[in-house]
Amino acid sequence: MKAFDLIKHNQQIAVLCNNHLVDLDQEISDDQQCKPIDFNHPLGKDVYWHTSAHILAHAVLNLFPGTKLGVGPAVEEGFYYDFIPPQPFTPEDLENIEQEMKKIIEENIEIHRFEKTTRETIDLLNEQQQELKIELIENFQEPFSFYQQGNFCDLCRGPHLRSTGKVKAVKILSVAAAYWKGDEKNKSMQRIYGVSFPSPKELKSHLHMLEEAKKRDHRKLGKKLDIFGIYEEAGPGLIYWHKGGTVIRKEIENLWISEHRQRGYNFVTTPHIAKADLWKISGHLDYYKENMYLLEDGQYVLKPMNCPEHILIFKNEQKSYKDLPYKMAELGTVYRKERSGVLHGMLRVRGFTQDDAHIFCTYPQLQNEIIEVLELGLGWIKRFGYEKFQLDLSLRDPGQQEKYAGTEEDWLKAEQALASAMDEMNLEYRRMEGEAVFYGPKIDFQLQDAIGRTWQGTTCQVDFNLPRRFDLKYTGADGQDHYVIMIHRAIMGSVERFVGGLIEHYSGNFPFWLAPEQLRIIPITDNQHNFAEQLKNKLIDQEVRCTIDKRSEKVGYKIRDAETSRVPLMAIIGEREVESESVSLRVHQQGDQGTVNAETLVGMCKEKIEEGRKPL
RNA sequence: GCCGGUGUAGCUCAGCUGGUAGAGCAGCGCAUUCGUAAUGCGCAGGUAGGCGGUUCGAAUCCGCCCAUCGGCUCCA
């Protein structure tokens, strides 16, 4: 029988045999484990979106004959197709393309697969004048498969849906440039992104979700909640922390400092500039120069990293094995000359503060140090409400060992220490072959936020390179000198990026201990202003960040203002409350909570603050 | 850096094919003293991102620059 025969109803769109997608026309035998899947299966989405990409290309060729096709895969949130059109697409073109796609879907054209030899493939692609596709087949072996739908035919591995009508709801999302084969030396193409679903309802809810995500954008909320600003006249990529952001930042820094103090880190403070000589030794001047700001005709460098400066302090005194592990921490502000097109709010900037630390240790100490870093990282992300995360262990590319610093033994020991640290903690992780930086293997946390986006969290990297460049040695119990092992680690990465991520994760609704304004007192009339002042003083005595809204507006107005400003607590005070020395408590997004005694309120606030600030 | 889009009042945005700038919110003033998401009236606010060009005339058309958005590439 054919795979297609397994499909029993409309929702099923593809067939898996031995966990691989097969073409629906393929003959299958009984000994294969075959089952039909629907859109909700990740591979089902793949097929669905891949066919949608073909429909997109079909539509583009119908409207813009002569367009060259690149590649058009399914991606995590939909699909794209790369084109070289006769003219760049305009926004109106995109609308027309979407309409044309809908037409192709309505026609419900059957999709067929056929195979060709190399010779035939080249002939066919030449006939279609799709030269880029000919470049593509160089990496594959014959026979080559094609998928045909009406007058459109595309070189493609497949599989695909049975017909274009299976796609029920489609939306073009954006157009952007992309380089052919992802290499900026190659020609630039126009990439159209889209998404599709088996029902208009699902499409609508997906688009709604995208809208909601936009509302969380830290750039938008950052402005609205007075968290940060970037000033054109002062330069792009440079963050000005406003009063709200500075409150958040200081709370986070305080927690960070106390956690590191408890773990025996030594705090240091280092200058923002250093002579080029230092960066020559570290190697940055050779391989990182295009990202560095040079001063005084290149004699000085605005630091892009803290490590060389920390190393100087470490080296200042001769170290013995008794001094190790030696842990050095700094909230160190660095500057990197990022390309203009990559800047993005607080997430990608030119000046940022790394929550940096360097651990100098011996091989036997390595694993425990890694465990301590991972534990700190886990506690940290939990405190900030991240529930899901993924650990990645980046390893060498076994194919090209020559590009790495350090000896074979170094790598084995370090990779072993990183892996067994995670094993000991019963943490699951992905092994990422070839993802390691040249100086050593590392572990990264990938955090997932409240709406499923991922953020880079804690990172823990072993470095074999700098200890050798700076000749970092300690005297062992054997009286001999040995190279120290250096760990670079950051719990947040950078304060800017972490806070930018937090804004979106919390959607601006910060937990009480972080909220820039924690409580707003709302007197109903001027008669309550005295009592409001007394209450405010009591709250401020307990370090509660609170204000009084004395404007001559109605309560409804003041409440609305406090709600849209995302103030966690509102204390409404009228005549009744003054008499009973209480407040009418309202919780942000939850509404009226009834009457609470004023003293109780102060205690509650104090407790909530302590809860947020308590050790991890 | 590259491709495309955008840049009008503090914010969000209108302004047809060139005829000399407008709304809501915020702000300020006055009135109002009010019970859980917007009280009314009034006032003020703009070198239209910058520079140059076309034109009798430019927010509008053209060029360059800057910033920004979506991506590519790179990254904390």
Side-chain angles (χ1 to χ4, degrees), chain A residues 80 82 84-85 87-91 93-94 173-193 214 217 219-220 223-224 226 230-237 288 290-291 304-306 332-334 336-356 437 444 455-459 461 488 490-498 500-501 522-529 550-565 570-577 584-594:
Chain A
Y80 69 77
D82 285 344
I84 302 182
Q87 305 285 326
F89 298 119
T90 65
D93 290 340
L94 295 185
L173 295 173
S174 64
V175 61
Y179 300 104
W180 172 237
K181 290 182 174 172
D183 188 336
E184 62 182 313
K185 289 185 207 79
N186 289 339
K187 52 191 136 206
S188 180
M189 307 186 72
Q190 298 259 307
R191 175 172 296 178
I192 298 182
Y193 282 89
K214 252 193 221 164
D217 192 313
R219 292 166 298 184
K220 215 171 181 148
K223 195 181 266 184
K224 191 166 150 192
D226 204 17
I230 297 170
Y231 297 95
E232 193 173 331
E233 57 272 47
Y288 204 68
E290 72 277 13
N291 280 304
M305 302 191 181
N306 303 300
T333 304
V334 298
R336 298 181 185 176
K337 200 189 283 173
E338 300 287 353
R339 301 162 95 186
S340 60
V342 304
L343 301 176
H344 185 93
M346 293 181 111
L347 302 181
R348 191 71 185 271
V349 296
R350 285 184 171 152
F352 57 98
T353 302
Q354 293 182 308
D355 68 314
D356 211 358
V437 273
D444 292 310
W455 304 84
Q456 166 79 247
T458 298
T459 178
Q461 320 187 347
H488 305 257
I491 302 303
M492 295 182 272
S494 83
V495 186
E496 285 76 7
R497 190 174 275 185
F498 188 74
I522 300 177
I524 292 174
T525 75
D526 294 359
N527 293 331
Q528 289 87 42
H529 284 190
K550 286 184 175 174
R551 293 176 297 180
S552 86
E553 297 286 351
K554 301 216 265 191
V555 243
Y557 179 90
K558 295 188 193 179
I559 284 171
R560 182 187 156 81
D561 193 50
E563 288 282 356
T564 57
S565 306
M570 286 152 270
I572 292 110
I573 300 173
E575 212 170 319
R576 293 198 296 270
E577 285 76 16
S584 168
L585 186 65
R586 185 184 166 99
V587 175
H588 173 53
Q589 286 183 319
Q590 290 174 38
D592 193 358
Q593 305 290 306

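Nothing here was measured: the structure is a model prediction, and the numbers come from that model. Below, read A as the first sequence line, B as the second, and so on, with proteins coming before strands; counting in each chain starts at 1.
A distance of 7.5 Å separates CZ of A/R497 from CD of A/Q456, quoted to the nearest 0.5 Å. Separating the CD atom in A/E553 from the CD1 atom in A/I559 is a distance of 13.0 Å, to the nearest 0.5 Å. To the nearest 0.5 Å, atom CD1 of residue A/I524 and atom CD of residue A/E575 are 9.5 Å apart.
Looking at every heavy atom in both residues, A/W180 comes nearest to A/N186 through O-ND2, 2.8 Å.
Taking atom CD of A/Q589 as the reference point, atom C1' of B/A37 lies 12 Å away to the nearest angstrom. With rounding to whole Å, A/E233 atom CD is found 21 Å from B/C65 atom P. If you measure from atom CZ of A/R586 to atom C1' of B/A37, you get 6 Å, rounded to the nearest angstrom. One atom, CD1 of A/I84, and another, P of B/G4, lie 13 Å apart when rounded to the nearest Å. Computed from coordinates, the A/F89 CZ to B/C3 P distance equals 17 Å when rounded to whole Å. In this entry the distance linking CZ of A/R336 with C1' of B/G1 reads 19 Å, nearest Å. Computed from coordinates, the A/R191 CZ to B/G4 P distance equals 16 Å when rounded to whole Å. The CZ-C1' distance, from A/R348 to B/C74, rounds to 6 Å in whole Å.
At a threshold of 4.5 Å between non-hydrogen side-chain atoms, the residues A/T333 and A/F352 do not count as touching. Side-chain contact check for A/H529 versus A/D526: some heavy-atom pair is nearer than 4.5 Å. Side-chain contact check for A/R219 versus A/M346: every heavy-atom pair is 4.5 Å or farther apart. Considering only heavy atoms from C-beta on, A/E496 comes within 4.5 Å of A/T353 through its side chain.
Here, B/C65 and B/G18 have their P atoms 26 Å apart, quoted to the whole Å. Between the P atoms of B/A58 and B/G52, the separation comes to 13 Å (whole Å). Using atom P as the reference point in both B/C69 and B/C13, the two lie 14 Å apart (nearest Å). A gap of 28 Å separates the C1' atoms of B/G53 and B/A14, to the nearest Å. Comparing the P positions of B/G27 and B/G10 gives a spacing of 15 Å, expressed to the nearest Å. B/G5 and B/G63 have their P atoms separated by 11 Å, given to the nearest Å. B/G15 and B/U60 are spaced 10 Å apart, taking the C1' atom of each and rounding to whole Å. Taking atom P in both B/G70 and B/A38, one finds a spacing of 33 Å when rounded to whole Å.
Within 4.0 Å (heavy atoms only), A/R497 reaches at least one base atom of the nucleic acid. A/V349 comes within 4.0 angstrom of a base, heavy atoms only. Heavy atoms of A/E563 sit under 4.0 angstrom from at least one base atom. Residue A/F498 is classed as having no contact, given no heavy-atom separation below 4.0 Å to the nucleic acid.
Judged by distance alone, the side chain of A/D355 and the main-chain N or O of A/G493 form a donor-acceptor pair under 3.5 Å. The backbone N or O of A/R336 lies less than 3.5 Å from no partner atom in the side chain of A/R350, so there is not a single donor-acceptor pair. Remark: side-chain polar atoms of A/Q190 are not paired, donor with acceptor, to backbone N or O of A/P85 under 3.5 angstrom.
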Filtered N/O pairs between nucleotides 66-68 of chain B and protein, under 3.5 Å:
from, atom 1, to, atom 2, distance (Å)
B/A67, O4', A/E232, OE2, 3.4

Each nucleotide of nucleotides 24-35 of chain B classed B (base within 4.0 Å of a protein heavy atom), S (only sugar-phosphate) or -, in 5' to 3' order, makes --SS---BBBBB
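With B/A76, B/G71, B/A37 as the choices, the nucleotide that has an atom nearest any side-chain atom of A/Q456 turns out to be B/A76.
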For A/E338 and A/L343, run side chain to side chain contact (heavy atoms under 4.5 Å, CB included): C-alpha distance rounded to whole Å, both residues' side-chain angles, the deciding distance at 0.1 Å, then the answer. CA-CA 7 Å; A/E338 300 287 353; A/L343 301 176; 4.0 Å; yes
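Residue A/D183 is the one, among A/L347 and A/D183, whose nearest nucleotide of RNA chain B lies closer to the 5' end (criterion: closest heavy atom).
The base of B/G71 does not come close enough to the side chain of A/Y179 for any donor and acceptor atom to sit less than 3.5 Å apart.
Paired with A/E563 under the rule side-chain hydrogen bond (donor to acceptor under 3.5 Å, both in side chains), one option of A/H588, A/Q589, A/K558 passes, and it is A/H588.
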Reading RNA chain B 5' to 3', how would its secondary structure be written in dot-bracket notation, given Watson-Crick and G-U pairs with both distances under 3.5 Å, brackets [ ] for crossing pairs and | for partners on other strands? (((((((..((((.....[..)))).(((((.......))))).....(((((..]....))))))))))))....
